[in-house]
Each structure stands twice: as C-alpha cells, then as structure tokens.
Amino acid sequence: MKVLKFGGTSVGSAARICHVADLIGKPLERNIVVLSAMSGTTNSLVEISEYLYKGNVPGAQETINALEAKYNATLEELFPDSEVRSTAQSAVGRSFAVLRSYCAAPLTQAGEKEILAQGELMSTAIMQSLLSHRGIKSVLLPALDYMRTLDSGEPDMQYIGSHLRRLIELEPEAQIFITQGYICRNDHGGVDNLKRGGSDYTASIIGAVLDADEIQIWTDIDGMHNNDPRYVEGTRPVRRLHFEEAAELAYFGAKILHPACVLPAKLHNIPVRLLNTLQPEAPGTLIYNAPSDGTIKAIAAKDGITAIKIKSGRMLLAYGFLHKVFETFENHRTSIDMIATSEVGVTLSVDDDSRLAAIVDDLKHFGTVTVDTDMVIICIVGDLEWNNCGFQAQVLDALAGIPVRMISYGGSNYNISVLVRACDKVAALRALSAKLFD
Ligand code: ADP
Ligand code: ASP
Ligand code: MG
C-alpha cells in the first residue's frame with residue numbers, strides 16, 4: 001500500500017482537481033490519497049477567524065462570500081450538469097453553513113479550529129464526487145474518526161493505527177481511499193489541526209502506522225531543490241536525500257515539507273518520494289536511508305529568528321551556568337535552535353518569541369542580556385562528516401561579504417548553520433548557491 005498526498009496547488013482549480021483524479025483513478029495497488037484544501041482556502045479561513053476574533057462580522061462575511069463564489073465556480077466547471085453537481089454542492093454548502101454559523105457569536109478557539117477544518121472537508125468531498133461521476137469507487141476515511149493528538153500535541157500513533165486499520169478492514173474490496181490532510185482531533189476530542197502545511201505530516205503518520213511501502217508527496221515542483229527557488233534562480237532538484245538531511249531541510253525552512261513530516265517515515269524506514277503533479281514522469285526526490293556520499297545537498301533558510309546573548313564574568317571556570325540558562329528556556333516552554341558558547345558567554349537562538357520578555361527578565365539574573373531580532377538561520381545540509389575536509393571553508397568563503405552573527409557545526413554530521421540578518425538572507429542564499437553548486 002502507498003500513501004499519496006496532494007497539496008493545495010495540486011487541487012487548486014477545477015483543471016488541477018481533474019488532473020489529480022486522472023493520477024489516482026487507475027491504481028495498480030491499494031492507495032490512500034491524502035488531500036489538502038484547495039490553495040488559498042486555509043489562508044481565507046484564517047482571515048475569517050481573524051475578522052471574527054476582532055468582532056468584524058462584515059469583514060468575515062465578505063471573505064466567506066468571496067470564497068463561496070470561488071467554490072461555486074469550481075463546482076460548475078467540474079460538473080456542468082446541476083444534477084450531477086448536487087452531491088458535491090451539498091457538501092460544500094454544509095461547510096459554508098458552518099462558517100456562517102460562527103458569524104453569530106464571539107469566536108472561541110474551538111470554533112476557530114472548526115473553521116480551519118472546512119478546506120480539507122470540502123476538497124475531499126469534491127474529489128470523491130468527481131471520481132464517482134467518472135464511475136470510480138473510492139472510500140472516504142474521515143480524518144476526524146481516526147487522526148488524534150495527545151495532550152503534548154504529538155500524534156497518538158497507537159490510537160491512529162488501530163482506528164485507521166479498523167476503517168480500512170471494513171472495505172476489503174476498496175482500491176482507493178481518500179482522506180483529509182491537516183485536520184485531527186485533540187485529546188479532548190475537539191476538532192484540531194496539525195499546524196499549517198500539516199497535510200504532509202498526515203501522510204507520513206498514516207504511512208508509519210500502516211507500514212506503507214512508500215509515502216508520496218505530490219506538489220508543484222519536481223522535488224527538493226538545492227536552494228529555495230523563491231529566492232534563488234537556477235536551483236536544481238536533489239535526487240536522493242538521507243532522512244536526516246531531509247529532516248534538517250524541512251525543519252530549517254524548505255517549505256516543500258512540513259517540519260515534522262520526516263520523523264515518522266524515518267522511524268519506520270518508509271521511503272518518501274517528492275513528486276510533481278504537473279510533471280508526473282519527473283523522478284523527483286527520494287528520501288530514504290541513503291548511503292553516505294560526502295556531498296553538500298541543499299540550503300534552506302528559516303525566518304523569524306531571535307538571538308539572545310547572555311554574558312557573564314562568572315561563567316569563567318564555573319559549572320552549572322549553562323544548566324541555569326537552559327532551565328530558563330524550559331520553564332518558558334521555548335525551544336532553542338542554535339547555540340554558540342565562549343568562556344564569557346553564550347548565544348542561543350529561538351524562533352518562538354512569544355515569551356521573550358519574560359525569558360530576558362529571568363536571564364538577567366545570570367548576566368548581561370542582549371537581544372537581536374529579525375535574524376535568519378541559513379542551513380547548509382549534506383553528508384558533512386567532519387573528517388571530509390573543506391565544507392566549512394567553502395561556506396565561510398561564500399559568506400565573506402556578509403556579517404555572520406553565529407555559526408553552528410558539529411551537532412550532527414548533516415548540517416552547518418549560520419545566523420545572519422534578515423536583510424542579508426537572499427544575498428547569503430545566492431552566494432552559497434554560486435559557491436557550492438555552480
Ligand atoms: P503544497 O501546497 O503542495 O503543500 P507547498 O507550497 O507547501 O506545496 O510547497 C511547495 C513549494 O515549496 C514550492 O512551490 C517552492 O516554492 C517551495 N520551496 C521552498 N524551498 C524549496 C526547496 N528547497 N525545494 C523545493 N521547493 C521549495
Ligand atoms: N491546508 C493546510 C494549509 O494550508 C494544510 C496543508 O496544505 O498542508 O496549511
Ligand atoms: Mg505544503
């Protein structure tokens with residue numbers, strides 16, 4: 001069994017939805033198809049929630065109307081005959097009724113989660129109707145019936161596995177299962193989600209619990225490129241990546257993969273293939289337990305980073321200083337990305353600055369604290385065994401004209417990270433590509 005996930009752009013219009021139906025409609029084996037919302041939908045749902053939180057009901061209604069018009073146009077294009085359209089139209093109508101029901105009272109967090117869930121509920125209903133109209137039988141696996149998180153926010157793999165297997169066993173003849181990405185229930189049973197871009201994570205959780213043969217992430221580009229194609233020209237797809245390399249790239253900003261998506265696949269040793277819906281024959285990228293090859297594979301950038309420096313004369317020859325610093329971050333449930341130490345101080349970087357003021361207040365007990373905001377981590381990823389000389393030299397050489405605030409190397413064999421100002425990000429990405437890949 002394979003798991004095939006199609007992202008927002010892959011189902012972003014009537015023509016794209018038809019194209020995905022062509023791709024999934026003739027399976028050679030049993031497949032589970034995970035769908036995202038049509039592109040732009042989740043952004044609109046976020047916008048609706050924001051309007052409602054601010055009490056701006058007319059703003060929310062306007063966005064709901066515009067979104068509904070877009071869906072109605074898509075349905076008319078997909079199903080010109082109104083009778084054939086009625087099943088999909090009813091499902092879409094139910095979702096818009098849910099959205100409108102939230103315009104009547106102040107929005108709660110639970111309400112927001114239900115609003116955000118409507119995109120995937122609609123795209124899967126539309127795809128099922130289309131397949132059925134083409135005479136192809138598919139079975140819906142409602143994500144809200146099996147996808148569940150623990151109070152830690154992590155997926156409850158045991159619950160998911162047993163419930164999903166039971167749903168599949170009920171349909172021994174089925175070849176095509178369709179399910180929603182992104183949405184889930186939390187430990188209280190309320191509707192929730194796996195965070196933005198989370199459909200990739202859905203696919204890899206399903207692949208892991210079912211021990212699938214392969215997880216395929218179908219998107220709008222032919223695999224993981226060696227740099228961010230939104231900022232750098234002439235990037236090229238990387239054909240093979242080790243799980244660890246892909247995990248570093250996803251965590252450090254390669255938008256093509258949700259940061260958490262690689263781990264379940266890696267733990268169960270299930271290959272992940274990144275494929276292009278618009279060019280299905282292109283080989284894409286294979287992520288697996290790749291053998292060591294001693295090369296630099298790709299570069300990614302993670303925005304919105306804050307660097308915090310704690311300088312203390314007492315750190316000199318003292319023990320326990322770093323423990324106290326780390327404990328402060330732990331107390332504020334804030335995870336640390338990069339660390340650099342010297343004899344008189346330490347600098348750490350975080351991407352979540354929601355507790356920054358409180359963290360800084362606490363850290364002041366241990367020394368002088370300086371904060372740099374608007375920073376970016378640039379991550380150079382590959383099979384970078386330290387005794388293969390020269391990687392760091394090439395990276396630093398490429399960045400010769402750019403101020404580097406921090407460097408981290410040696411935490412794993414897979415990355416070198418550097419911290420630069422946000423205003424230097426694009427220049428740094430381009431300089432690294434020119435030096436490492438041209
Ligand atoms: P989907 O809607 O299918 O989930 P995403 O927009 O989340 O697609 O991810 C695909 C996009 O990721 C690409 O269009 C590309 O602009 C962006 N991207 C960023 N970094 C990379 C990279 N290193 N390789 C490929 N794509 C990347
Ligand atoms: N629809 C969700 C989002 O836009 C999940 C996804 O596309 O993966 O974030
Ligand atoms: Mg995505």
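Residue numbers start at 1 and run along the sequence shown. Whatever order the structure lists them in is the order used to number ligands and atoms, beginning at 1.
You'll find the side chain of T285 stays beyond 4.5 Å of the side chain of L275, heavy atoms only. Side-chain atoms of T179 and V33, non-hydrogen and from C-beta on, never get closer than 4.5 Å to each other. Contact annotation: the side chain of L348 approaches that of F329 to within less than 4.5 Å [non-hydrogen atoms, C-beta and beyond]. Residues I296 and I380 meet the side-chain proximity criterion, which asks for heavy atoms closer than 4.5 Å.
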| field | Step-by-step salt bridge (charged side-chain N to carboxylate O under 4.0 Å, His left out) determination, K113 to D192 | value | CA-CA 5 Å; K113 297 288 168 61; D192 213 317; 3.3 Å; yes
| said: For I256 and I221: C-alpha separation, side-chain torsions, deciding distance, then whether side chain to side chain contact (heavy atoms under 4.5 Å, CB included) applies. | reply: CA-CA 8 Å; I256 187 169; I221 189 163; 3.6 Å; yes
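For atom 23 (N) of ligand 1, the closest heavy atom belonging to the protein is H225 O, 3.2 Å. Given atom 15 (C) of ligand 1, the protein heavy atom at minimum distance is P229 CG, 4.0 Å. Among all protein heavy atoms, the one lying closest to atom 14 (O) of ligand 1 is D220 OD1, 2.8 Å. If you check which protein heavy atom lies closest to atom 3 (O) of ligand 1, you get T219 OG1, 2.7 Å.
With a 4.0 Å heavy-atom cut-off, ligand 1 is reached by the backbone of N227 but not by any atom from C-beta on. If you look at S199 next to ligand 1, there are no close heavy atoms at all, none under 4.0 Å. At a heavy-atom cutoff of 4.0 Å, ligand 1 is contacted by the side chain of R230 but not by its backbone. When non-hydrogen atoms are compared, ligand 1 lies under 4.0 Å from the side chain of K5 (C-beta onward) but not from its backbone. Both the backbone and the side chain of I256 come within 4.0 Å of ligand 1, judged by heavy-atom distances.
Ionic pairing of D145 and R166 is not present here: no N-O contact between side-chain nitrogen and carboxylate oxygen is shorter than 4.0 angstrom. A salt bridge links D200 with K5: the distance from a Lys NZ or Arg NE/NH1/NH2 to an Asp or Glu carboxylate oxygen falls below 4.0 Å. Ion pair K425/D303 flagged as a salt bridge, since at least one NZ, NE, NH1 or NH2 atom sits closer than 4.0 Å to an Asp/Glu carboxylate oxygen. Ion pairing of K26 with D22 is absent here, as no side-chain N (NZ or NE/NH1/NH2) approaches a carboxylate O to less than 4.0 Å. The pair K302-D351 meets the salt-bridge criterion, with a side-chain N (NZ, NE, NH1 or NH2) lying under 4.0 Å from an Asp/Glu carboxylate O.
Atom CD1 in I299 sits 10.5 Å away from atom OG1 in T235 (nearest 0.5 Å).
Counting atoms of ligand 2 from 1 in the listed order, those under 4.0 Å from a heavy atom of E120 are 1 (N), 2 (C), 5 (C). Each of the atoms 3 (C), 4 (O), 9 (O) of ligand 2 lies under 4.0 Å from some heavy atom of R196. Residue contact check: T42 has heavy atoms under 4.0 Å from atoms 1 (N), 2 (C), 3 (C), 4 (O) of ligand 2. Counting atoms of ligand 2 from 1 in the listed order, those under 4.0 Å from a heavy atom of S36 are 6 (C), 7 (O), 8 (O).
Looking at R196 and N43, their side chains do bring a donor and an acceptor atom within 3.5 Å of each other.
The closest approach between any non-hydrogen atom of R196 and ligand 1 is not below 4.0 Å. Ligand 2 has G198 within reach: a non-hydrogen atom of the residue lies less than 4.0 Å from it. Not a single heavy atom of L274 lies less than 4.0 angstrom from ligand 1. Residue contact annotation: G197 has a non-hydrogen atom under 4.0 Å from ligand 2.
Residue D200 has no nitrogen or oxygen atom sitting less than 3.5 Å from a nitrogen or oxygen atom of ligand 2, judged on distance alone. The shortest N or O to N or O distance between G8 and ligand 1 is under 3.5 Å. The shortest N or O to N or O distance between K255 and ligand 1 is below 3.5 Å.
Considering only non-hydrogen atoms, atom 8 (O) of ligand 2 lies nearest to S199 out of S199, S10, G40. Here atom 25 (C) of ligand 1 lies nearest to G223 when heavy atoms of A300, A254, G223 are compared.
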